[in-house]
Each structure stands twice: as structure tokens, then as C-alpha cells.
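Presented below is the structure to which this report refers.
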Protein chains: 2
Amino acid sequence: MNEKRALLIDTALALFYTKGINSVGINEILKTSGIAKKTLYGHFEGKEALVLAALKQRHENFITWLEAEISEAESDQEVIKRLFDALGSWFNSKEPSLGDFRGCFFINTAAEFSDKDSDISHYCREHKEEVKRLIKNKLTSQSPLLLDAICILKEGAITTAYVTGKGSEVTSKCIKILSAY
Amino acid sequence: MNEKRALLIDTALALFYTKGINSVGINEILKTSGIAKKTLYGHFEGKEALVLAALKQRHENFITWLEAEISEAESDQEVIKRLFDALGSWFNSKEPSLGDFRGCFFINTAAEFSDKDSDISHYCREHKEEVKRLIKNKLTSQSPLLLDAICILKEGAITTAYVTGKGSEVTSKCIKILSAY
DNA sequence: TACCAGGTAGACAAATTGGTCTACTAATAT
DNA sequence: ATATTAGTAGACCAATTTGTCTACCTGGTA
């Protein structure tokens, strides 16, 4: 049923995110989920289809989470504060719906698949665009520069937090930087 | 000799950067470089040692390139302009010494190796610290916020350029954002 | 000459990969 | 009652992985 399919996706997503896609074999996903191989290949054409499903799942988790975090903001300054505070919480692995922080799943995945025309690379780009759209819709300011500043700093914060390991400092810096606007 | 060793590292770096480390096998590096397997294992303990050597080579290439790009700047505004113009050129694959742009090699590599205590992850962090130090030394301003703003935007620009594919727009936005300081 | 370091070419081993297939079970719908 | 569907368990396959090993070649040096 759909339960098996969902369990497969959740297991794959968790393993892919924490270990990287090429480091996780089909057999490990099966063993962890306790599902038989034939069931997997009944639901998915192959590993790539499973990767795509995991990306989709992550995208939904992330958008849902982000929207909830910034929905109640009543000014642009508050949008910025809520956004980067939420990111800081994510960086410190305090957001259960996003799992232990290990960078951006889409950036990490895009890094593993060199073919820029593949469905996977394509989906990673769409994710970023949709996040940008979500932020744009919450802002009252129509300044494209503000929107770009927020999004570029957001990307920078994610990779900086991942590579340096210090999560909360980066986000408060971003808020200060943006307070000039 | 050292020539073989150098050729091995250069070949490995080129392949690792364009395809990702887990997607490149030892045999492909050997075939591309035309070097025998036993020679490789005479120079390196194993694949991981080769990865580390490639990271080191990339680090040197990158630092040398960056230093040359911003060395002649005579004001902080000029440092910023030169830095982001250079990045924009890199994003458009116009910097031969850095190869066809495919994001930051260190971020990509860190994404593939989940163990945060491994030599590889460690080296990726050191690289970012050294780049930051280089920029810091070129700035006359002692404001830590300016330095952080530059570095976070730089990281954001790299991943944004990689995932969206549009390289030059991002960097001019960064320069505009920083012109507020 | 004889030796030896450093190289080539590639067979080979052991493990792992993604994926197919057979045999069996359990529940449900006709 | 029977046929179908969805599942389990796991053997099996072909390809690929990293790494070792044997056999041979070559150029410089004692």
C-alpha cells in the first residue's frame, strides 16, 4: 500500500540526507526500512526515481516548515528576523521535521550529480525558486534588491553554518547586515 | 618521479571537481592520466589520500588566483568590486586556472563525506577560514560585520550561481548590497 | 656488466552495486 | 471457492569498486 511507499521515501530521505546519496545503497534502505526489494521496485523504477521522490518529500517538508515559521510576521523586519531565527534553529538541529542539520539537501544532491540537465538538478533549482517566491510573497517591500539580499545571505548562511559548524552566530550576523535596509 | 605524482593529482582534481568524488573511480583516473595502477599506489596510500592531495592542490590554486585578483585594490570598495568581479568571471568559466565552474569544490566534497571529524571535512573548513583571512588582510576597515557580510555573501553567491546557472547577475547584486557599507 | 629504482600492463581478489527473478504467504474481491 | 494483488525473503546476475600482485621493461649508476 501507500504506507510502504511512504516508509520507503522517509527512510531513503533520512539516509540520503545524513550520508549523501552515492554513499547509500538500495540494500541499506531496504534493511533499515524492513521492506523487501521487490516491493521497492514495484513502487519505483529505480534508484533515481527514489531519489526524486525523496527530494520532493524534502521540498514539501521544508516549505511547510518555513511557511509556518514566517507566516505570522507583521512587518518586513519581522519576516527577516523570523526567517533567520528559524534557520539558526535548524542549523542547531532543533527542528525535528528537518532532521539533524547537514546542510541543504538540494545543494548537497546537486553537488553529487554533475549532469545539469538531469531531472535531479532541475528539481534542485525549482526548490530554490519556490523558496524565493515564498519569501517574496511575505514581504511588503517590492524592492528586488532586498529580496536578493535576503536570499543570497540565506544561502551563504546555510553553507557557512555547515562548513564551520557554528550555526547560531551566522544568522544573527545576517539579521544585523540586513538591518541596514 | 614527481611528474607522475603531479599528473595524478591534476587528473584526479579535474575529474573529482567535474563529476564528484564518489562518481569517479580509481580506474578512470588511471585511464585518463595514462598512469599504471601500481604507480598510483606507490605514491598514495589509497583513494582518500588522493582526495586529500587534490583538495590541497585546489586550495593552492584558488588562494593564488584570488590573491592575484584582489592584490592591487587600493580601497575597501575596490577590494569588494574586484573580489565579486573575479567571482563572476569564475562563475562564467572564464578563469582557466579554476576549470569549468561547478560550484565550490570544498562544499561539494564536504557534502559527499558525512563524517564531520574526517580529515576531508576538516580540510574543507580550513580552506574557508584561510580565504576569510586573506580577505581580512586586504581590508583596511576593521569592522567585523563588513568582513562577515562579504564572506557570507560570497558563499551565497557561489551556491546561487551554481544552482541557478546565472552567474554574473548574482555578483553585481552582491556589490550593490555591500555598497550600503 | 650487473643491479635496482621506478615505471607499465593488466590479471586477480573480495566486496559492493543496482536490478531481476523465483517461490512463497496473506488478505481481499469477485 | 478462486483469482488477484501486494507483500516477504533472498538467491542470483552482471558490472563495478578499491586494492594487491606478478611479470616485464627501461635508464641510470656502482
- [ ] Can you tell me which residue pairs pass the salt bridge (Lys or Arg N to Asp or Glu O under 4.0 Å) test with a partner in residues 104-122 of chain A, sequence neighbours excluded?
- [x] none

Open item on the list: Tell me which pairs pass salt bridge (Lys or Arg N to Asp or Glu O under 4.0 Å) where either residue lies in residues 157-171 of chain A, with sequence neighbours left out.
Closed with: none

- [ ] Would you tell me if any nitrogen or oxygen in the side chain of A/T39 comes within less than 4.0 Å of OP1 or OP2 on D/dT8?
- [x] yes

Open item on the list: For a quick check, with a 4.0 angstrom heavy-atom cut-off, what is the B/S/- contact string for nucleotides 9-17 of chain D, read 5' to 3'?
Closed with: BB-------

Task: Touch class at under 4.0 angstrom, heavy-atom based, for B/G46 against every strand present - done: sugar-phosphate

Take the protein atom [atom1] of [X] and the nucleotide atom [atom2] of [N], then report the distance between them rounded to whole Å.
X     : N      : atom1 : atom2 : result
B/I29 : D/dG19 : CD1   : P     : 11 Å
A/Y41 : C/dT17 : OH    : P     : 12 Å
B/H43 : C/dA5  : NE2   : P     : 15 Å
B/N22 : C/dG18 : CG    : P     : 12 Å
A/E28 : C/dG19 : CD    : C1'   : 17 Å
A/L50 : C/dT17 : CG    : C1'   : 15 Å
B/K4  : C/dA5  : NZ    : C1'   : 14 Å

Task: B/F91: ring pair (Phe, Tyr, Trp, His ring centres under 6.0 Å) partners, not counting sequence neighbours - done: B/F101

- [ ] Using distance alone, with no hydrogens and no angle criterion, decide if B/S97 and B/N61 have a side-chain donor and acceptor under 3.5 Å apart.
- [x] no

Just list the side-chain donor-acceptor pairs under 3.5 Å for residues 63-75 of chain B, sequence neighbours left out, or say none.
unit_1: B/T64; atom_1: OG1; unit_2: B/E60; atom_2: O; d: 2.8
unit_1: B/W65; atom_1: NE1; unit_2: B/E69; atom_2: OE2; d: 3.4
unit_1: B/W65; atom_1: NE1; unit_2: B/E95; atom_2: OE1; d: 2.7
unit_1: B/S71; atom_1: OG; unit_2: B/A68; atom_2: O; d: 3.3
unit_1: B/S75; atom_1: OG; unit_2: B/E78; atom_2: N; d: 3.1

Donor-acceptor pairs are to be reported for all side-chain atoms of residues 44-55 of chain A against protein atoms at under 3.5 Å, with residues two or more places apart or in another chain.
unit_1: A/K47; atom_1: NZ; unit_2: A/I21; atom_2: O; d: 3.2
unit_1: A/K47; atom_1: NZ; unit_2: A/V24; atom_2: O; d: 2.9

